[in-house]
Novice: 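My structure is below; once you've seen it, I'll send some questions.
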There are 2 protein chains.
Amino acid sequence: MNELLTRKLVEPGAVAAWRRAAAETAATSDADALELVELFFFAYRDFVGDADRLLGNFGFGRAHHRVLHFVNRRPGLTIAALLDILRITKQSLNRVLKQLLEAGFVEARAGVVDRRQRLLYPTPQGTKLARDLAALQSARFLKVMDELPPAARGAASQFLFAMIDPDERARVRAHLACAKTAGEAP
Amino acid sequence: MNELLTRKLVEPGAVAAWRRAAAETAATSDADALELVELFFFAYRDFVGDADRLLGNFGFGRAHHRVLHFVNRRPGLTIAALLDILRITKQSLNRVLKQLLEAGFVEARAGVVDRRQRLLYPTPQGTKLARDLAALQSARFLKVMDELPPAARGAASQFLFAMIDPDERARVRAHLACAKTAGEAP
DNA sequence: CTATTTACGTCAACTATATTGACATAAATC
DNA sequence: GATTTATGTCAATATAGTTGACGTAAATAG
(Lines give C-alpha, C1' and ligand atoms only; values in the text may rest on other atoms or scores of the structure.)
Protein backbone atom coordinates (compact mmCIF):
# COMPACT_ATOMS: atom_id res chain seq x y z
CA MET A 1 0.00 0.00 0.00
CA ASN A 2 1.36 3.30 -1.17
CA GLU A 3 1.53 5.74 1.72
CA LEU A 4 0.81 8.70 -0.45
CA LEU A 5 -2.24 7.00 -1.87
CA THR A 6 -3.44 5.99 1.57
CA ARG A 7 -3.06 9.48 2.87
CA LYS A 8 -4.98 10.84 -0.06
CA LEU A 9 -7.80 8.40 0.60
CA VAL A 10 -8.47 9.66 4.11
CA GLU A 11 -11.15 12.10 3.07
CA PRO A 12 -14.48 10.99 1.62
CA GLY A 13 -16.93 13.71 2.53
CA ALA A 14 -14.30 15.17 4.77
CA VAL A 15 -13.02 17.51 2.10
CA ALA A 16 -16.41 19.11 1.63
CA ALA A 17 -16.98 19.13 5.37
CA TRP A 18 -13.71 20.94 5.91
CA ARG A 19 -14.43 23.53 3.28
CA ARG A 20 -17.77 24.26 4.85
CA ALA A 21 -16.31 24.28 8.33
CA ALA A 22 -13.69 26.70 7.16
CA ALA A 23 -16.38 28.82 5.55
CA GLU A 24 -18.27 28.79 8.87
CA THR A 25 -21.34 27.23 7.19
CA ALA A 26 -21.08 24.01 9.15
CA ALA A 27 -24.49 22.43 8.47
CA THR A 28 -24.58 18.71 7.76
CA SER A 29 -26.58 17.74 4.68
CA ASP A 30 -28.72 14.64 4.16
CA ALA A 31 -26.18 13.38 1.64
CA ASP A 32 -23.41 13.69 4.21
CA ALA A 33 -25.54 11.85 6.75
CA LEU A 34 -26.10 8.99 4.30
CA GLU A 35 -22.39 8.80 3.70
CA LEU A 36 -21.85 8.58 7.45
CA VAL A 37 -24.39 5.76 7.67
CA GLU A 38 -22.39 3.73 5.19
CA LEU A 39 -19.03 4.59 6.66
CA PHE A 40 -20.32 3.45 10.03
CA PHE A 41 -21.43 0.16 8.49
CA PHE A 42 -18.08 -0.50 6.82
CA ALA A 43 -16.09 0.63 9.85
CA TYR A 44 -17.98 -1.69 12.18
CA ARG A 45 -17.70 -4.57 9.74
CA ASP A 46 -13.91 -4.32 9.74
CA PHE A 47 -13.73 -3.54 13.45
CA VAL A 48 -15.38 -6.80 14.50
CA GLY A 49 -13.58 -8.77 11.79
CA ASP A 50 -10.27 -8.52 13.62
CA ALA A 51 -11.47 -10.28 16.73
CA ASP A 52 -13.56 -12.85 14.86
CA ARG A 53 -10.47 -14.52 13.46
CA LEU A 54 -8.82 -14.93 16.86
CA LEU A 55 -12.04 -16.15 18.45
CA GLY A 56 -12.35 -18.86 15.82
CA ASN A 57 -9.19 -20.50 17.16
CA PHE A 58 -10.97 -21.13 20.44
CA GLY A 59 -14.28 -22.20 18.96
CA PHE A 60 -15.88 -19.03 20.23
CA GLY A 61 -17.98 -16.43 18.46
CA ARG A 62 -18.86 -12.80 18.93
CA ALA A 63 -21.32 -13.58 21.67
CA HIS A 64 -18.54 -15.13 23.75
CA HIS A 65 -16.33 -12.15 23.03
CA ARG A 66 -18.86 -9.68 24.34
CA VAL A 67 -19.42 -11.66 27.53
CA LEU A 68 -15.73 -12.20 28.18
CA HIS A 69 -14.97 -8.58 27.42
CA PHE A 70 -17.43 -7.14 29.90
CA VAL A 71 -16.65 -9.70 32.60
CA ASN A 72 -12.98 -8.80 32.24
CA ARG A 73 -13.69 -5.11 32.26
CA ARG A 74 -15.93 -5.31 35.30
CA PRO A 75 -14.94 -8.31 37.40
CA GLY A 76 -17.69 -9.26 39.84
CA LEU A 77 -20.39 -8.35 37.33
CA THR A 78 -23.75 -9.98 38.06
CA ILE A 79 -25.88 -11.80 35.52
CA ALA A 80 -28.50 -9.06 35.66
CA ALA A 81 -25.93 -6.34 34.98
CA LEU A 82 -24.55 -8.30 32.06
CA LEU A 83 -28.02 -8.80 30.60
CA ASP A 84 -28.60 -5.09 30.89
CA ILE A 85 -25.42 -4.30 28.97
CA LEU A 86 -25.85 -6.88 26.25
CA ARG A 87 -29.58 -6.49 25.78
CA ILE A 88 -30.22 -10.16 25.19
CA THR A 89 -32.36 -12.70 27.02
CA LYS A 90 -31.03 -14.75 29.90
CA GLN A 91 -31.52 -17.93 27.85
CA SER A 92 -29.28 -16.57 25.14
CA LEU A 93 -26.68 -15.39 27.59
CA ASN A 94 -26.77 -18.65 29.47
CA ARG A 95 -25.74 -20.68 26.46
CA VAL A 96 -22.52 -18.81 25.80
CA LEU A 97 -21.79 -18.16 29.47
CA LYS A 98 -22.05 -21.87 30.22
CA GLN A 99 -19.51 -22.58 27.52
CA LEU A 100 -17.14 -19.95 28.87
CA LEU A 101 -17.51 -21.38 32.40
CA GLU A 102 -16.94 -24.96 31.22
CA ALA A 103 -13.95 -23.97 29.11
CA GLY A 104 -12.47 -22.22 32.14
CA PHE A 105 -12.39 -18.66 30.79
CA VAL A 106 -14.85 -17.29 33.32
CA GLU A 107 -15.74 -18.32 36.85
CA ALA A 108 -18.78 -17.57 38.97
CA ARG A 109 -18.74 -17.02 42.72
CA ALA A 110 -21.80 -16.67 44.90
CA GLY A 111 -22.48 -13.08 45.90
CA VAL A 112 -21.43 -12.16 49.43
CA VAL A 113 -24.14 -9.65 50.20
CA ASP A 114 -26.81 -11.49 48.21
CA ARG A 115 -26.09 -15.18 47.82
CA ARG A 116 -28.56 -15.59 44.95
CA GLN A 117 -26.33 -13.53 42.73
CA ARG A 118 -23.54 -15.08 40.70
CA LEU A 119 -20.59 -12.76 40.46
CA LEU A 120 -18.61 -13.34 37.28
CA TYR A 121 -14.84 -13.17 37.15
CA PRO A 122 -12.37 -13.93 34.40
CA THR A 123 -9.92 -16.76 35.09
CA PRO A 124 -6.24 -16.11 34.31
CA GLN A 125 -6.85 -17.84 30.98
CA GLY A 126 -9.90 -15.64 30.40
CA THR A 127 -7.96 -12.52 31.25
CA LYS A 128 -5.31 -13.45 28.73
CA LEU A 129 -7.80 -14.03 25.91
CA ALA A 130 -9.68 -10.86 26.78
CA ARG A 131 -6.43 -8.94 26.73
CA ASP A 132 -5.41 -10.40 23.37
CA LEU A 133 -8.78 -9.52 21.87
CA ALA A 134 -8.70 -6.05 23.35
CA ALA A 135 -5.19 -5.56 22.03
CA LEU A 136 -6.38 -6.30 18.50
CA GLN A 137 -9.18 -3.80 18.66
CA SER A 138 -7.25 -1.21 20.58
CA ALA A 139 -4.51 -1.47 17.98
CA ARG A 140 -6.97 -0.38 15.32
CA PHE A 141 -7.97 2.64 17.38
CA LEU A 142 -4.41 3.55 18.22
CA LYS A 143 -3.50 3.39 14.56
CA VAL A 144 -6.51 5.46 13.62
CA MET A 145 -5.69 8.09 16.22
CA ASP A 146 -2.20 8.22 14.85
CA GLU A 147 -3.50 8.77 11.31
CA LEU A 148 -5.86 11.51 12.42
CA PRO A 149 -4.82 15.10 12.97
CA PRO A 150 -4.47 15.77 16.73
CA ALA A 151 -7.44 18.09 16.74
CA ALA A 152 -9.73 15.28 15.51
CA ARG A 153 -8.74 12.79 18.21
CA GLY A 154 -10.88 13.97 21.06
CA ALA A 155 -13.72 14.40 18.59
CA ALA A 156 -13.88 10.66 17.89
CA SER A 157 -14.74 9.88 21.50
CA GLN A 158 -17.26 12.70 21.64
CA PHE A 159 -18.81 11.59 18.38
CA LEU A 160 -19.29 7.97 19.47
CA PHE A 161 -20.75 9.00 22.79
CA ALA A 162 -23.20 11.31 21.04
CA MET A 163 -24.29 8.39 18.83
CA ILE A 164 -25.60 6.53 21.88
CA ASP A 165 -29.29 6.89 22.78
CA PRO A 166 -29.59 9.81 25.22
CA ASP A 167 -31.38 7.66 27.80
CA GLU A 168 -28.55 5.12 27.60
CA ARG A 169 -25.73 7.55 28.14
CA ALA A 170 -25.92 7.61 31.91
CA ARG A 171 -25.68 3.83 32.00
CA VAL A 172 -22.72 3.76 29.62
CA ARG A 173 -21.04 6.46 31.60
CA ALA A 174 -21.52 4.49 34.80
CA HIS A 175 -20.08 1.41 33.13
CA LEU A 176 -17.00 3.27 31.93
CA ALA A 177 -16.50 4.83 35.33
CA CYS A 178 -16.23 1.55 37.19
CA ALA A 179 -14.50 -0.44 34.46
CA LYS A 180 -11.08 -1.84 35.09
CA THR A 181 -8.22 -1.08 32.76
CA ALA A 182 -8.00 -4.33 30.83
CA GLY A 183 -4.89 -6.38 31.12
CA GLU A 184 -4.08 -5.58 34.71
CA ALA A 185 -2.03 -8.17 36.54
CA PRO A 186 -3.77 -11.49 35.82
CA MET B 1 -34.43 14.46 29.74
CA ASN B 2 -32.63 17.29 31.48
CA GLU B 3 -30.65 19.30 28.96
CA LEU B 4 -28.04 20.31 31.44
CA LEU B 5 -27.48 16.72 32.43
CA THR B 6 -27.29 15.59 28.82
CA ARG B 7 -24.78 18.26 27.99
CA LYS B 8 -22.70 17.30 30.95
CA LEU B 9 -22.73 13.67 29.87
CA VAL B 10 -21.15 14.31 26.48
CA GLU B 11 -17.62 13.73 27.68
CA PRO B 12 -16.47 10.28 28.81
CA GLY B 13 -12.74 10.22 28.05
CA ALA B 14 -13.19 13.41 26.15
CA VAL B 15 -12.32 15.56 29.12
CA ALA B 16 -8.97 13.87 29.54
CA ALA B 17 -8.41 13.91 25.80
CA TRP B 18 -9.08 17.60 25.65
CA ARG B 19 -6.75 18.36 28.53
CA ARG B 20 -3.99 16.46 26.83
CA ALA B 21 -4.75 17.99 23.45
CA ALA B 22 -4.61 21.40 25.05
CA ALA B 23 -1.34 20.47 26.70
CA GLU B 24 -0.02 19.43 23.28
CA THR B 25 0.64 15.86 24.53
CA ALA B 26 -1.94 14.25 22.28
CA ALA B 27 -1.00 10.58 22.56
CA THR B 28 -3.80 8.05 22.90
CA SER B 29 -3.40 5.61 25.76
CA ASP B 30 -4.44 1.97 25.91
CA ALA B 31 -7.14 2.89 28.42
CA ASP B 32 -8.56 5.46 26.00
CA ALA B 33 -8.49 2.89 23.21
CA LEU B 34 -10.45 0.44 25.36
CA GLU B 35 -13.00 3.10 26.08
CA LEU B 36 -13.34 3.73 22.37
CA VAL B 37 -13.86 0.02 21.77
CA GLU B 38 -16.83 0.04 24.12
CA LEU B 39 -18.24 3.32 22.89
CA PHE B 40 -18.13 1.92 19.38
CA PHE B 41 -20.03 -1.15 20.55
CA PHE B 42 -22.74 0.84 22.30
CA ALA B 43 -23.01 3.37 19.47
CA TYR B 44 -23.48 0.67 16.86
CA ARG B 45 -26.00 -1.16 19.01
CA ASP B 46 -28.22 1.90 19.23
CA PHE B 47 -27.59 2.88 15.61
CA VAL B 48 -29.00 -0.36 14.18
CA GLY B 49 -31.78 -0.47 16.78
CA ASP B 50 -33.64 2.41 15.13
CA ALA B 51 -34.09 0.66 11.82
CA ASP B 52 -34.84 -2.74 13.35
CA ARG B 53 -38.14 -1.54 14.72
CA LEU B 54 -39.38 -0.22 11.36
CA LEU B 55 -38.20 -3.34 9.53
CA GLY B 56 -40.19 -5.53 11.88
CA ASN B 57 -43.41 -4.01 10.54
CA PHE B 58 -42.63 -5.47 7.12
CA GLY B 59 -41.42 -8.84 8.35
CA PHE B 60 -37.89 -7.96 7.33
CA GLY B 61 -34.63 -8.10 9.25
CA ARG B 62 -31.25 -6.43 9.10
CA ALA B 63 -30.17 -8.56 6.19
CA HIS B 64 -33.04 -7.22 4.09
CA HIS B 65 -32.19 -3.71 5.17
CA ARG B 66 -28.61 -3.96 3.99
CA VAL B 67 -29.62 -5.36 0.61
CA LEU B 68 -32.36 -2.79 0.07
CA HIS B 69 -30.09 0.00 1.20
CA PHE B 70 -27.29 -0.74 -1.24
CA VAL B 71 -29.65 -1.50 -4.13
CA ASN B 72 -31.32 1.83 -3.53
CA ARG B 73 -28.03 3.63 -3.25
CA ARG B 74 -26.62 2.06 -6.38
CA PRO B 75 -29.45 1.12 -8.72
CA GLY B 76 -28.32 -1.38 -11.33
CA LEU B 77 -26.01 -3.12 -8.86
CA THR B 78 -25.09 -6.66 -9.89
CA ILE B 79 -25.25 -9.69 -7.62
CA ALA B 80 -21.47 -9.95 -7.62
CA ALA B 81 -21.04 -6.32 -6.58
CA LEU B 82 -23.54 -6.76 -3.80
CA LEU B 83 -21.80 -9.88 -2.54
CA ASP B 84 -18.56 -7.95 -2.50
CA ILE B 85 -20.05 -5.20 -0.38
CA LEU B 86 -21.90 -7.40 2.08
CA ARG B 87 -19.24 -10.08 2.42
CA ILE B 88 -21.70 -12.94 2.65
CA THR B 89 -22.21 -16.02 0.49
CA LYS B 90 -24.48 -16.04 -2.51
CA GLN B 91 -26.71 -18.60 -0.81
CA SER B 92 -27.22 -16.30 2.12
CA LEU B 93 -27.86 -13.30 -0.11
CA ASN B 94 -30.22 -15.25 -2.30
CA ARG B 95 -32.58 -16.06 0.51
CA VAL B 96 -33.22 -12.46 1.53
CA LEU B 97 -33.02 -11.13 -2.03
CA LYS B 98 -35.68 -13.60 -3.14
CA GLN B 99 -37.97 -12.34 -0.41
CA LEU B 100 -37.39 -8.73 -1.42
CA LEU B 101 -38.10 -9.59 -5.07
CA GLU B 102 -41.26 -11.53 -4.22
CA ALA B 103 -42.50 -8.80 -1.90
CA GLY B 104 -41.96 -6.28 -4.66
CA PHE B 105 -39.34 -4.08 -3.01
CA VAL B 106 -36.59 -4.88 -5.49
CA GLU B 107 -36.68 -5.89 -9.13
CA ALA B 108 -34.05 -7.54 -11.31
CA ARG B 109 -33.50 -6.82 -14.99
CA ALA B 110 -31.18 -8.76 -17.25
CA GLY B 111 -27.94 -6.93 -17.94
CA VAL B 112 -27.77 -5.20 -21.31
CA VAL B 113 -24.08 -5.59 -21.98
CA ASP B 114 -23.88 -9.02 -20.27
CA ARG B 115 -27.19 -10.82 -20.18
CA ARG B 116 -26.03 -13.24 -17.50
CA GLN B 117 -25.96 -10.43 -14.98
CA ARG B 118 -29.02 -9.46 -12.99
CA LEU B 119 -29.14 -5.74 -12.42
CA LEU B 120 -30.97 -4.89 -9.23
CA TYR B 121 -33.27 -1.90 -8.92
CA PRO B 122 -35.56 -0.74 -6.15
CA THR B 123 -39.26 -0.57 -7.01
CA PRO B 124 -41.15 2.58 -6.00
CA GLN B 125 -42.23 0.72 -2.87
CA GLY B 126 -38.62 -0.28 -2.22
CA THR B 127 -37.42 3.27 -2.69
CA LYS B 128 -39.95 4.47 -0.16
CA LEU B 129 -38.93 1.95 2.48
CA ALA B 130 -35.25 2.59 1.84
CA ARG B 131 -35.83 6.28 2.21
CA ASP B 132 -37.77 5.85 5.44
CA LEU B 133 -35.02 3.67 6.88
CA ALA B 134 -32.31 6.06 5.74
CA ALA B 135 -34.23 8.95 7.26
CA LEU B 136 -34.20 7.24 10.65
CA GLN B 137 -30.47 6.67 10.61
CA SER B 138 -29.63 9.99 9.03
CA ALA B 139 -31.68 11.69 11.69
CA ARG B 140 -29.40 10.24 14.34
CA PHE B 141 -26.32 11.56 12.55
CA LEU B 142 -27.85 14.96 11.94
CA LYS B 143 -28.75 15.22 15.61
CA VAL B 144 -25.27 14.12 16.61
CA MET B 145 -23.65 16.67 14.31
CA ASP B 146 -25.84 19.29 15.84
CA GLU B 147 -24.76 18.32 19.34
CA LEU B 148 -21.09 18.35 18.40
CA PRO B 149 -18.96 21.48 18.23
CA PRO B 150 -18.51 22.50 14.56
CA ALA B 151 -14.82 21.67 14.65
CA ALA B 152 -15.58 18.05 15.52
CA ARG B 153 -18.01 17.45 12.66
CA GLY B 154 -15.62 16.82 9.83
CA ALA B 155 -13.58 14.68 12.21
CA ALA B 156 -16.37 12.12 12.53
CA SER B 157 -16.27 11.30 8.85
CA GLN B 158 -12.48 11.16 8.85
CA PHE B 159 -12.50 8.96 11.91
CA LEU B 160 -14.93 6.42 10.48
CA PHE B 161 -13.05 6.24 7.20
CA ALA B 162 -9.79 5.67 9.05
CA MET B 163 -11.43 2.78 10.91
CA ILE B 164 -11.90 0.87 7.65
CA ASP B 165 -9.23 -1.64 6.63
CA PRO B 166 -6.68 0.20 4.46
CA ASP B 167 -7.08 -2.30 1.61
CA GLU B 168 -10.84 -1.75 1.69
CA ARG B 169 -10.74 2.00 1.52
CA ALA B 170 -10.41 2.27 -2.24
CA ARG B 171 -13.46 0.06 -2.67
CA VAL B 172 -15.52 2.05 -0.18
CA ARG B 173 -14.41 5.25 -1.82
CA ALA B 174 -15.50 3.93 -5.22
CA HIS B 175 -18.84 2.93 -3.80
CA LEU B 176 -19.45 6.35 -2.28
CA ALA B 177 -18.42 8.05 -5.51
CA CYS B 178 -21.03 6.31 -7.63
CA ALA B 179 -23.78 6.16 -5.01
CA LYS B 180 -27.03 7.97 -5.62
CA THR B 181 -28.36 10.41 -3.09
CA ALA B 182 -31.11 8.34 -1.49
CA GLY B 183 -34.66 9.50 -1.75
CA GLU B 184 -34.43 10.94 -5.23
CA ALA B 185 -37.65 10.95 -7.25
CA PRO B 186 -39.05 7.38 -6.99
C1' DC C 1 -17.33 -24.06 -33.49
C1' DT C 2 -16.22 -26.36 -29.55
C1' DA C 3 -14.39 -25.78 -24.90
C1' DT C 4 -14.08 -23.36 -20.98
C1' DT C 5 -15.07 -19.82 -17.89
C1' DT C 6 -18.24 -16.72 -15.73
C1' DA C 7 -22.57 -15.13 -13.38
C1' DC C 8 -25.90 -16.73 -11.23
C1' DG C 9 -29.50 -20.13 -9.02
C1' DT C 10 -30.56 -23.97 -5.97
C1' DC C 11 -30.82 -28.09 -2.88
C1' DA C 12 -29.28 -29.69 1.47
C1' DA C 13 -27.27 -29.91 5.89
C1' DC C 14 -25.36 -27.47 9.45
C1' DT C 15 -23.87 -23.59 12.95
C1' DA C 16 -24.44 -19.47 15.70
C1' DT C 17 -27.21 -16.31 17.84
C1' DA C 18 -31.18 -14.76 19.06
C1' DT C 19 -36.31 -15.16 20.40
C1' DT C 20 -40.83 -16.53 23.37
C1' DG C 21 -43.03 -19.17 26.86
C1' DA C 22 -43.29 -22.11 30.72
C1' DC C 23 -41.56 -23.87 34.84
C1' DA C 24 -38.05 -24.62 38.89
C1' DT C 25 -35.25 -23.22 42.85
C1' DA C 26 -33.06 -20.92 46.40
C1' DA C 27 -32.41 -16.81 48.84
C1' DA C 28 -34.07 -12.32 50.23
C1' DT C 29 -37.77 -9.53 51.81
C1' DC C 30 -42.35 -8.18 53.35
C1' DG D 1 -45.47 -17.70 55.90
C1' DA D 2 -46.16 -15.49 51.49
C1' DT D 3 -44.09 -13.13 47.93
C1' DT D 4 -40.65 -11.23 45.19
C1' DT D 5 -36.08 -11.55 43.15
C1' DA D 6 -31.96 -13.69 40.86
C1' DT D 7 -30.99 -17.15 38.33
C1' DG D 8 -31.25 -21.76 35.74
C1' DT D 9 -33.43 -24.71 32.34
C1' DC D 10 -36.34 -27.19 28.85
C1' DA D 11 -38.43 -26.66 24.46
C1' DA D 12 -39.74 -24.74 20.21
C1' DT D 13 -38.81 -21.33 16.76
C1' DA D 14 -36.62 -17.53 13.81
C1' DT D 15 -32.90 -15.26 11.47
C1' DA D 16 -28.66 -15.02 9.41
C1' DG D 17 -25.00 -17.04 8.25
C1' DT D 18 -21.84 -21.21 6.58
C1' DT D 19 -19.93 -25.24 3.37
C1' DG D 20 -20.43 -28.32 -0.41
C1' DA D 21 -22.31 -30.03 -4.55
C1' DC D 22 -24.59 -29.46 -8.73
C1' DG D 23 -27.16 -26.96 -12.66
C1' DT D 24 -27.69 -23.62 -16.46
C1' DA D 25 -27.31 -19.99 -19.64
C1' DA D 26 -24.38 -16.70 -21.64
C1' DA D 27 -19.84 -14.87 -22.66
C1' DT D 28 -15.32 -15.73 -24.18
C1' DA D 29 -11.02 -18.25 -25.55
C1' DG D 30 -8.86 -21.56 -28.53
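Lettering follows sequence order; numbering is per chain, from 1. Basis for what follows: all heavy atoms, side chains included, without hydrogens, waters or symmetry-related copies.
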Novice: Check this for me: does any side-chain nitrogen of one of Asp52(B) and Arg45(B) sit under 4.0 Å from a carboxylate oxygen of the other?
Specialist: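 Arg45(B) and Asp52(B): not salt-bridged.
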Novice: Using the closest heavy atom to pick a nucleotide of DNA chain C for each, name whichever of Asn94(B) or His64(A) lands nearer the 5' end.
Specialist: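 Result: Asn94(B).
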Novice: Give me the residues of residues 56-63 of chain B where at least one heavy atom lies under 4.0 Å from an atom of DNA chain D, by number, or none.
Specialist: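 Those residues are Gly61(B), Arg62(B), Ala63(B).
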Novice: By side chain to side chain contact (heavy atoms under 4.5 Å, CB included), which residues pair with Gln99(A), not counting sequence neighbours?
Specialist: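 Gln99(A) satisfies side chain to side chain contact (heavy atoms under 4.5 Å, CB included) with His64(A), Arg95(A) once adjacent residues are dropped.
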Novice: Does Lys98(B) have any salt bridge (charged side-chain N to carboxylate O under 4.0 Å, His left out) partners at least two apart in sequence or in another chain, and if so, which?
Specialist: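 Here no residue qualifies.
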Novice: Identify, residue by residue, the members of residues 44-54 of chain A with a heavy atom below 4.0 Å from DNA chain C, and return them in order of residue number, or none.
Specialist: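 Residues of residues 44-54 of chain A under 4.0 Å from DNA chain C: none.
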Novice: Got a sec, which residues hit side chain to side chain contact (heavy atoms under 4.5 Å, CB included) with Ala33(A), two or more places apart in sequence or on another chain?
Specialist: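 Counting only residues at least two positions away or on another chain, Ala33(A) forms a side chain to side chain contact (heavy atoms under 4.5 Å, CB included) with Ser138(B), Phe141(B), Leu142(B).
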Novice: Sequence neighbours excluded, which residues qualify as salt bridge (charged side-chain N to carboxylate O under 4.0 Å, His left out) partners of Arg116(B)?
Specialist: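 If we apply the salt bridge (charged side-chain N to carboxylate O under 4.0 Å, His left out) test to Arg116(B), skipping adjacent residues, the hits are Asp114(B).
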Novice: If you check the Arg66(A) side chain, which of dA16(D), dA18(C), dC8(C) turns out closest?
Specialist: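 My answer, after comparing the listed nucleotides, is dA18(C).
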Novice: Looking at DNA chain D, which of residues 96-107 of chain A put a heavy atom within less than 4.0 Å of it?
Specialist: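 Of all residues in residues 96-107 of chain A, the ones placing a heavy atom under 4.0 Å from DNA chain D are Lys98(A).
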Novice: Detail all sub-3.5 Å separations between protein N/O atoms and N/O atoms belonging to nucleotides 28-30 of chain C.
Specialist:
residue	atom	partner	partner atom	Å
dA28(C)	OP1	Arg115(A)	N	3.1

Novice: Dump every N/O contact between nucleotides 19-22 of chain C and the protein below 3.5 Å, one line per pair.
Specialist:
residue	atom	partner	partner atom	Å
dT19(C)	OP2	Thr89(A)	N	2.7
dT19(C)	OP2	Thr89(A)	OG1	2.8
dG21(C)	O6	Gln91(A)	NE2	2.8

Novice: Can you list every ring-ring contact (aromatic ring centres under 6.0 Å, His included) pair that touches residues 109-137 of chain A, not counting sequence neighbours?
Specialist: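 Found none.
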Novice: For Asp132(B), enumerate each residue passing the salt bridge (charged side-chain N to carboxylate O under 4.0 Å, His left out) test, keeping only those at least two apart in sequence or located in another chain.
Specialist: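 Scan of Asp132(B) (salt bridge (charged side-chain N to carboxylate O under 4.0 Å, His left out), adjacent residues dropped) gives Lys128(B).
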Novice: Drop me the distance from Asn72(A)'s CG to Leu129(A)'s CG, to the nearest 0.5 angstrom.
Specialist: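 Between atom CG of Asn72(A) and atom CG of Leu129(A) there are 9.5 Å.
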Novice: My understanding is that only residues two or more places apart in sequence, or in another chain, count here; which of them pass side chain to side chain contact (heavy atoms under 4.5 Å, CB included) with Ala81(B)?
Specialist: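 For Ala81(B) the side chain to side chain contact (heavy atoms under 4.5 Å, CB included) partners, ignoring immediate neighbours, are Leu77(B), Thr78(B).
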Novice: What pair of heavy atoms forms the shortest contact from Ile164(A) to Glu168(A), and how long is it?
Specialist: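 So the minimum-distance heavy-atom pair works out to CG2-CB, 3.6 Å.
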